[in-house]
Amino acid sequence: MNKLVRRLRTLPLRSRIALLVAVAVAAAVAAVAVTCWFITRAQLYDQLDHNLSNEAHSLGPSQISYILDNCSSSSGSSARRFPGPTVQIISTDGQVCTSPGDEVIPVQADDLSVAAGTLDTASHTTADDGGTQMRVVTLHAVEKNSGEQFAVSVASPTSEVTEPLTTLAWVLLLVGGIGVLGSTAAGLWIARTGLRPVDDLTEAVEHVARTEDLTVRIPVEGDDEIARLSESFNQMTASLASSRDLQQQLIADAGHELRTPLTSMRTNIDLLNRIEETGRTIPAEDRKALMTSLKAQMTELAALIGDLQELSRTGLTGAEGPLRVVSLHDTVRSAIERARLRGPELTFDAELAPWYVRAEPAALERAVVNLLDNAVKFSPEKGRIEVRLMRGTLTVRDHGPGIPDEELPYVFDRFWRSPTARALPGSGLGLSIVARTVEASGGHVGLSAADGGGTLATLSLPGAPTPPPEIP
C-alpha cells in the first residue's frame with residue numbers, strides 16, 4: 001500500500017486528478033451495478049416463485065391423479081412428458097412421484113416438513129437428476145376422500161432467471177466501462193483546463209527563479225482560488241520588486257552619504273600623513289582644529305552607521321520585537337531628559353497626560369527621542385521647546401526657522417535633508433525611523449509649520465488613558 005502511495009505521488013498532478021476521478025466513478029458505477037443486479041435477481045426469483053405457486057394452486061384432482069397413475073420415480077422415464085413445469089408429489093414417508101417425462105428432483109428436508117403439515121410452503125434451488133438447476137416451490141395438500149397428507153412441488157429451470165441476469169451483467173459491465181472511460185477522459189480534460197493557471201504560475205515562478213525578473217505578472221481571470229493565488233503571486237512579485245528597489249536605493253543613498261565624511265576624513269588624514277613624512281610642524285591651533293574636524297567626522301560617520309543598522313533591523317515594519325503595553329507619557333518624559341543633555345541651554349515646557357499604547361518599547365522611545373532631537377537641532381540658542389501629550393496625540397513645537405512648505409512632503413524620506421540643514425550634523429534617517437515605528441504601532445506622524453514660526457511635529461497613537469490588558 002505504501003509503495004502504491006509513493007508511486008502515485010510521483011505522477012503529475014493532472015494524472016493523479018484524472019486517476020482519482022476514474023477510481024471514484026468506477027467505484028460508484030460498480031456499487032450501483034452490483035446493487036441493481038442483486039435487486040433484479042431478487043425480483044426475478046420472487047416472480048418465478050409466485051408463478052410456480054400459482055401453478056401449484058391451479059393443479060386439480062384430475063391432474064394429480066394423472067401424475068400418480070403415470071408416476072415416474074426415476075430419471076429417464078419414456079412416458080409422454082407432462083405439459084408445463086415439473087410437478088412432483090411427495091408423500092409423508094419421502095416417496096416421490098414425478099410428472100411423466102420429467103427428471104426427478106431430490107427431496108429436501110423442507111419438502112418433507114411441508115408434506116407432514118409442519119410447514120405450509122417451502123422454496124429452494126437444487127439440481128434434478130439430469131443436472132439441471134431447478135427452482136422448486138412446495139405446497140401442502142390433503143386428499144379429500146382419504147384425508148391423506150402430501151406435498152406438491154412445482155419446479156422450473158433457473159435459466160429463466162440466470163439468463164436475463166447474465167445479459168444484465170454484460171450490459172452493466174459495458175455501460176460501466178464506457179462510463180469509466182468517459183469519466184477518465186473528462187477528468188483529464190478538467191484537470192488540464194483547471195490546472196492551466198497553475199501551469200502559468202509554475203512557469204512564472206521558474207522564470208523568476210531563473211532570471212530574477214520580478215516584473216512578471218500573471219493574468220487574473222475570475223474570483224476563484226486559482227485567481228486568488230495568481231493575484232497573491234502578482235502582489236508578492238510587486239512587493240519583492242519594490243523591496244529590491246528600496247534596497248538598491250538604500251545602498252545608493254548610503255554610499256552617497258558615507259562618501260562625504262569618508263572623503264573629509266581621508267583628506268585630513270592625508271594632510272597629517274604628509275606633515276608627518278616631511279617633518280613639518282603645524283601651529284597648535286591648526287592641529288587642534290584638524291583633530292576636532294576628524295572627531296566630528298568620525299562622530300557623524302558613527303551616527304550614520306548606527307542609523308543604518310537601526311533601519312536594517314526595523315526594515316519597513318518599524319518594530320524589532322513583539323508589541324507590549326507601554327506608557328507613552330513615561331516614554332516621553334524619559335526622552336525629554338535625554339534631550340536636555342543635547343540642549344542644556346534650551347527650555348523644555350512639558351505637559352503630559354497619561355496614555356497607554358501597544359508598541360515595542362525601545363523602538364517607541366527612539367522615535368520620540370528622534371523627534372525631540374530634531375527640535376533641539378533647529379531651536380535657536382536659549383530657545384523653548386513645547387511638548388504636549390493629550391489623548392494619544394503628542395506635539396513637539398520648536399521656535400526655529402521652520403520647514404518650507406515645498407519640503408514638507410519629503411521630510412520622512414530616507415537620507416533626505418533640507419538644503420538649509422546640510423551643514424548640521426545628522427544622517428537624514430531619524431524621521432524615517434520615526435515614521436516606520438509609528439506606522440507599525442498603528443499611528444501616524446506629521447510635520448507642519450507652527451503658528452508664529454518654527455515647526456510642529458504631531459505624533460498620534462491609538463490607546464487608552466488606563467492600561468489595557470496585556471497581549472497573551
Show the numbers, then the answer: is there a salt bridge (Lys or Arg N to Asp or Glu O under 4.0 Å) between Asp349 and Arg388? CA-CA 8 Å; Asp349 180 9; Arg388 300 286 185 271; 3.1 Å; yes
Full working for side-chain contact (heavy atoms from CB on, under 4.5 Å) between Thr347 and Ile385: CA-CA 6 Å; Thr347 300; Ile385 297 176; over 6 Å; no
Show the numbers, then the answer: is there a salt bridge (Lys or Arg N to Asp or Glu O under 4.0 Å) between Arg436 and Glu439? CA-CA 5 Å; Arg436 280 157 179 76; Glu439 289 170 3; over 6 Å; no
When you look at Glu365 and Ser334, which way does the side-chain hydrogen bond (donor to acceptor under 3.5 Å, both in side chains) test go after all the steps? CA-CA 8 Å; Glu365 183 173 1; Ser334 175; 3.0 Å; yes
Might you work through the side-chain contact (heavy atoms from CB on, under 4.5 Å) test for Thr158 and Tyr45, ending with a clear yes or no? CA-CA 9 Å; Thr158 58; Tyr45 272 115; 4.1 Å; yes
Take Leu371 and Val434 through the test side-chain contact (heavy atoms from CB on, under 4.5 Å) and record every step on the way to the result. CA-CA 7 Å; Leu371 278 184; Val434 171; 4.2 Å; yes
Stepwise side-chain contact (heavy atoms from CB on, under 4.5 Å) test for Val326 and Tyr356: CA-CA 6 Å; Val326 180; Tyr356 295 86; over 6 Å; no
Hey, mind stepping through His50 and Asn54 against side-chain hydrogen bond (donor to acceptor under 3.5 Å, both in side chains) and telling me if it holds? CA-CA 6 Å; His50 180 72; Asn54 289 339; 3.2 Å; yes
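The two atoms that bring Ala435 and Val445 nearest to each other are CA-CG1, 3.8 Å, heavy atoms only. Shortest non-hydrogen contact noted between Ala339 and Leu372 is CB-CB, 3.9 Å. Residues Ser441 and Leu461 come closest through the heavy atom pair CB-CD2, 3.8 Å.
Using modelled atom types, no side-chain atom of Trp355 and backbone atom of His329 make a donor-acceptor pair closer than 3.5 Å. Remark: side-chain polar atoms of Arg397 are not paired, donor with acceptor, to backbone N or O of Ala375 under 3.5 angstrom. In this structure, the side chain of Gln108 does not engage the main chain of Asp111 through any donor-acceptor pair within 3.5 Å. Between the Asp398 side chain and the Gly454 main chain, no donor and acceptor come within less than 3.5 Å of each other. Side chain of Thr393 to backbone of Leu389: no donor-acceptor contact under 3.5 angstrom is found. Between the Ser113 side chain and the Ala109 main chain, a donor and an acceptor come within less than 3.5 Å of each other. Between the side chain of Ser232 and the main chain of Arg228, a donor-acceptor pair closer than 3.5 Å is present.
Rounding to the nearest 0.5 Å places CE of Met390 at 13.5 Å from OG of Ser460. The distance from atom OG1 of Thr395 to atom CG of Leu459, rounded to the nearest 0.5 Å, is 10.0 Å. Note: Leu447 CG to Asn374 CG = 6.5 Å, rounded to the nearest 0.5 Å.
Within the 4.5 Å cutoff, the side chain of Trp170 has no heavy atoms near those of the Leu174 side chain. Between Val376 and Leu346, some side-chain heavy-atom pair lies under the 4.5 Å cut-off. Taking the side chain as every heavy atom from C-beta outward, Asn51 and Glu55 never approach each other to under 4.5 Å. Annotation: side chain of Leu139 is in contact with side chain of Ser53 (closest heavy-atom distance under 4.5 Å). By the 4.5 Å heavy-atom criterion applied to side chains, Thr458 and Val396 are not counted as neighbours. Within the 4.5 Å cutoff, the side chain of Val387 has no heavy atoms near those of the Glu351 side chain. Proximity of Thr138 to Asp110: side-chain heavy atoms (C-beta onward) are nowhere separated by under 4.5 Å. Annotation: side chain of Glu381 is in contact with side chain of Glu345 (closest heavy-atom distance under 4.5 Å).
Within 6.0 Å of the CG atom in Asp120, the count of heavy atoms belonging to other residues, nucleotides or ligands does not exceed 12. For Trp189, the CH2 atom is loosely surrounded, since the number of other residues' heavy atoms within 6.0 Å does not exceed 12.
No side-chain donor-acceptor contact under 3.5 Å links Ser156 and Arg135.
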